[in-house]
Protein chains: 2
Amino acid sequence: MALPKVGSIGEYIREQRKQAKISLRQLAEAAGVSNPYLSQIERGLRKPSAEILNQIAKGLRISAQALYVQAGLIEDREPPSDVITAITADTFITERQRQVLIDIYESFRKENRAGEDETSQNTQPRRDSSAEDELPETAAIVTTESREG
Amino acid sequence: MALPKVGSIGEYIREQRKQAKISLRQLAEAAGVSNPYLSQIERGLRKPSAEILNQIAKGLRISAQALYVQAGLIEDREPPSDVITAITADTFITERQRQVLIDIYESFRKENRAGEDETSQNTQPRRDSSAEDELPETAAIVTTESREG
DNA sequence: CCTCTCTGCTTGCAGTTGCAAGCAGAGAGG
DNA sequence: CCTCTCTGCTTGCAACTGCAAGCAGAGAGG
């Protein structure tokens with residue numbers, strides 16, 4: 001772990017804690033680490049072990065993975081969409097059906113990407129509700145494609 | 001990190017080293033850790049940090065992730081083989097879209113189950129070709145459901 | 001016999017990790 | 001004013017981590 005990373009894991013933790021609106025002591029207790037130590041970690045004075053990071057993640061209710069990434073323990077691997085992988089590997093449906101499912105899935109993601117671009121200009125992203133509004137149109141498009149295909 | 005896990009990380013490392021047919025000193029050098037320390041790790045006398053595990057993984061030419069899993073730092077994320085599980089866990093699409101995909105997937109499987117019952121009476125299962133014949137009907141049914149839903 | 005090289009391990013130690021005890025400041029309530 | 005509770009931080013210290021120096025055994029070659 002390079003020193004720059006350690007500095008940023010502390011900042012990251014403090015940032016997450018502030019977002020969660022809890023005090024240092026509250027997080028320390030929730031995480032099961034001492035509050036002075038947590039303070040030192042946040043200020044970059046100490047380099048916590050993976051186990052401590054795990055505990056802090058639990059206290060913050062975020063994934064330990066996220067903290068490991070910030071701490072430089074692992075690389076940030078954007079998982080290739082598990083859905084596509086799963087569909088591709090699935091043996092219970094035919095190749096044609098797999099392709100249909102993948103097309104639908106990608107169509108959904110494309111719509112959500114477009115939806116996110118639009119909502120990013122609003123005050124708050126309204127992800128679920130905007131997707132619900134768009135869903136009927138999406139299904140119609142997919143249906144048309146299936147018939148032509 | 002529970003103690004049992006530490007014990008097994010050492011055994012795992014020794015095992016991998018034996019498979020690679022290199023001596024403890026050779027691995028230590030390749031990994032950039034001291035050989036006495038590596039010896040202690042292999043025998044479970046010391047609990048190495050994630051950074052040391054990273055170095056050892058490099059020396060062994062295996063993924064650090066594998067060692068982290070053995071050490072209990074992260075969970076072994078088997079890529080979900082189940083399409084439903086993958087869809088459920090996907091954060092790129094909305095809950096509603098997830099449900100739609102799951103419904104389609106289950107519909108496909110249901111049709112394939114019926115198709116398999118018919119083809120099982122034949123000499124050889126002709127899964128792909130029979131599925132292609134059935135696909136137009138399947139798509140029509142799905143389309144109807146989507147519009148009604 | 002010897003020396004040399006390799007093997008894995010022992011041991012002492014410096015630096016690091018994580019904690020307990022406690023400090024100082026801010027705010028609330030009597 | 002006081003006490004109390006909360007806040008984040010300081011500090012001393014025990015235990016741990018990782019290393020350097022070195023040991024002992026095995027095998028090879030002269």
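On a predicted model such as this, the values are computed, not experimentally measured, just so you know.
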When the distance from [atom1] of [X] to [atom2] of [N] is rounded to whole Å, what number comes out?
X: I41(B); N: dC16(D); atom1: CD1; atom2: P; value: 15 Å
X: L27(B); N: dC6(C); atom1: CG; atom2: P; value: 17 Å
X: E51(A); N: dC16(D); atom1: CD; atom2: C1'; value: 12 Å
X: L53(B); N: dT17(D); atom1: CG; atom2: P; value: 11 Å
X: L45(A); N: dT17(C); atom1: CG; atom2: P; value: 11 Å
X: Y37(A); N: dG22(C); atom1: OH; atom2: P; value: 22 Å
X: E29(A); N: dG8(D); atom1: CD; atom2: C1'; value: 16 Å
X: L24(A); N: dG8(D); atom1: CG; atom2: P; value: 5 Å

R43(B) side chain N/O closer than 4.0 Å to the phosphate oxygens (OP1, OP2) of dT10(C)?
-> yes
Could you tell me whether the phosphate oxygens of dT10(D), OP1 or OP2, come under 4.0 Å of any side-chain nitrogen or oxygen in S39(A)?
-> no
DNA chain D: 5'-proximal contact among L38(B) and N35(B) (nearest heavy atom) = L38(B)
Among the candidates [options], find the nucleotide nearest to the side-chain atoms of [X].
X: R17(A); options: dG18(C), dT7(C), dG8(D); result: dG8(D)
X: I52(B); options: dT10(D), dC19(C), dG18(D); result: dG18(D)
X: S49(B); options: dG18(D), dA21(C), dG8(C); result: dG18(D)
X: V33(B); options: dC19(D), dA20(C), dT10(C); result: dC19(D)

Does a side-chain N-to-carboxylate-O contact under 4.0 Å join E11(B) and K18(B)?
-> no
With a 4.5 Å limit on heavy-atom distance, are the side chains of [X] and [Y] in contact?
X: L53(A); Y: L73(B); answer: no
X: L24(A); Y: R14(A); answer: yes
X: V83(A); Y: L101(A); answer: no

Assess whether side chain to side chain contact (heavy atoms under 4.5 Å, CB included) is satisfied between E42(A) and R17(A), documenting all intermediate values.
-> CA-CA 10 Å; E42(A) 286 193 352; R17(A) 176 169 67 80; 2.7 Å; yes
Looking across every strand, which nucleic acid part, if any, lies under 4.0 Å from S23(A) by heavy atom: base, sugar-phosphate, or nothing?
-> sugar-phosphate
Please evaluate the base of dT17(C) for a donor-acceptor partner in the side chain of R46(A) within a cut-off of under 3.5 Å?
-> no
Toward the 5' end of DNA chain C, by each residue's nearest nucleotide, Q40(B) or I22(B) = I22(B)
Between R25(A) and Q55(A), which is nearer to the 5' end of DNA chain C once each is assigned its nearest nucleotide?
-> Q55(A)
Shortest non-hydrogen pair, L27(B) vs I56(B), comes out as CD1-O, 4.2 Å
Does dC2(C) pair with anything, Watson-Crick or G-U wobble, both distances under 3.5 Å, and if so, with which nucleotide?
-> dG29(D)
Hunt down the Watson-Crick or G-U wobble partner of dA24(C), both distances under 3.5 Å, from any strand shown, or write none.
-> dT7(D)
